[in-house]
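Okay, structure first, notes after.
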Amino acid sequence: QVQLVESGGGSVQAGGSLRLSCAVSRYPHASYCMGWFRQSPGQKREGVASVDSDGRLTYADSAKGRFTISYEKTKSTLVLQMNSLKPEDTAMYYCAADRGGGYCYTPEDPDAFGYWGQGIQVTVSS
């Protein structure tokens, strides 16, 4: 079965950087949409960034200019490089993959993704 495992979270001061990785295994589709989401207590899960198999990228407004998403195909690893972190970036971060398609039609919609990691905590202190 498809497995997504996040790593790289932790605590950092405002202005710092973190690199989240998501190891993707047994994903059966050549075309894909993959993304990062985050969720704070009491809040809805929100899309942060996405990438598809044609290299199209999307970013939430809150992530533009600070975060970079990439998929290292040879390593089957989804990466989210986060720079200039702010306290409001504090959340549980999840990586996700769709059930095959090759285009992120609604990258902000969690229901568009069929596979999820277990989540990893990111805490940014002021």
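Below, all heavy atoms of this structure are taken into account, side chains as well, without hydrogens, waters or symmetry copies.
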Under the side-chain contact (heavy atoms from CB on, under 4.5 Å) rule, what do Ile69 and Val79 come out as? Steps first, then yes or no, please.
-> CA-CA 6 Å; Ile69 188 172; Val79 174; over 6 Å; no
Would Tyr59 and Thr68 satisfy side-chain contact (heavy atoms from CB on, under 4.5 Å), going step by step from the backbone distance to the final call?
-> CA-CA 8 Å; Tyr59 293 96; Thr68 303; 3.8 Å; yes
Could you walk me through whether Asp61 and Lys64 pass salt bridge (charged side-chain N to carboxylate O under 4.0 Å, His left out), step by step?
-> CA-CA 5 Å; Asp61 288 343; Lys64 287 178 182 175; 3.1 Å; yes
Could you walk me through whether Val24 and Thr77 pass the side-chain contact (heavy atoms from CB on, under 4.5 Å) test, one step at a time?
-> CA-CA 6 Å; Val24 182; Thr77 300; over 6 Å; no
Take Tyr103 and Asp54 through the side-chain contact (heavy atoms from CB on, under 4.5 Å) test and state the conclusion after the steps.
-> CA-CA 8 Å; Tyr103 188 83; Asp54 284 336; over 6 Å; no
Let me see the working for Ser7 and Ser21 under side chain to side chain donor-acceptor pair (under 3.5 Å), right down to the final yes or no.
-> CA-CA 5 Å; Ser7 61; Ser21 294; 4.6 Å; no
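One hydrophobic cluster, built from ILVMFWY side chains closer than 4.5 Å, cannot hold both Phe37 and Val51; they sit in different ones. Residues Leu78 and Val2 are members of one and the same hydrophobic cluster, defined by side-chain heavy-atom contacts under 4.5 angstrom among Ile, Leu, Val, Met, Phe, Trp and Tyr. Grouping the Ile, Leu, Val, Met, Phe, Trp and Tyr side chains by contacts below 4.5 angstrom, directly or via other members, places Leu18 apart from Met92. Hydrophobic clustering of Ile, Leu, Val, Met, Phe, Trp and Tyr side chains at less than 4.5 Å, counting indirect connections, keeps Leu20 apart from Val5.
Between Arg26 and Gln3 the shortest side-chain heavy-atom distance falls below 4.5 Å.
Looking at every heavy atom in both residues, Ala60 comes nearest to Gly47 through CB-O, 3.4 Å. Closest of all the heavy-atom pairs between Asp89 and Ser84 is OD2-O, 4.5 Å. Heavy atoms only, all atoms of each residue included: Ala14 and Ser126 are closest at CB-CA, 4.3 Å.
Judged by distance alone, the side chain of Gln39 and the main-chain N or O of Gln43 form a donor-acceptor pair under 3.5 Å. Between the side chain of Arg19 and the backbone N or O of Gln81, no donor-acceptor pair lies under 3.5 Å. Although no hydrogens or angles enter the test, the distance criterion places a donor-acceptor pair under 3.5 Å between the side chain of Ser40 and the main chain of Thr90. Panel note: side chain Ser53, backbone Tyr32; a donor-acceptor pair is recorded below 3.5 Å. With Asp98 contributing its side chain and Gly100 its backbone, the two residues share a donor-acceptor pair below 3.5 Å.
In this structure, a donor-acceptor pair under 3.5 Å is absent between the side chains of Asp52 and Tyr105. A donor and an acceptor atom, one from each side chain of Ser62 and Arg38, are located under 3.5 Å apart.
Residue pairs satisfying the disulfide (SG to SG under 2.5 Å) criterion with at least one member in residues 41-112, sequence neighbours excluded, are listed as follows: Cys22-Cys95, Cys33-Cys104.
Atoms CD and CH2, on Glu46 and Trp36 in that order, are 14.5 Å from each other to the nearest 0.5 Å. Here the OG-CE distance, from Ser76 to Met34, works out to 7.5 Å after rounding to the nearest 0.5 Å.
For Arg45 and Tyr94, the positive end sits near the middle of the six-membered ring, less than 6.0 Å away and at most 45° from its axis.
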Side-chain donor-acceptor pairs under 3.5 Å in residues 113-122, sequence neighbours left out?
unit_1 : atom_1 : unit_2 : atom_2 : d
Tyr115 : OH     : Arg99  : NH1    : 3.4
Trp116 : NE1    : Phe113 : O      : 3.3
Gln118 : NE2    : Glu6   : OE1    : 3.4
Gln121 : NE2    : Ala91  : O      : 3.4
Gln121 : NE2    : Thr123 : OG1    : 3.4

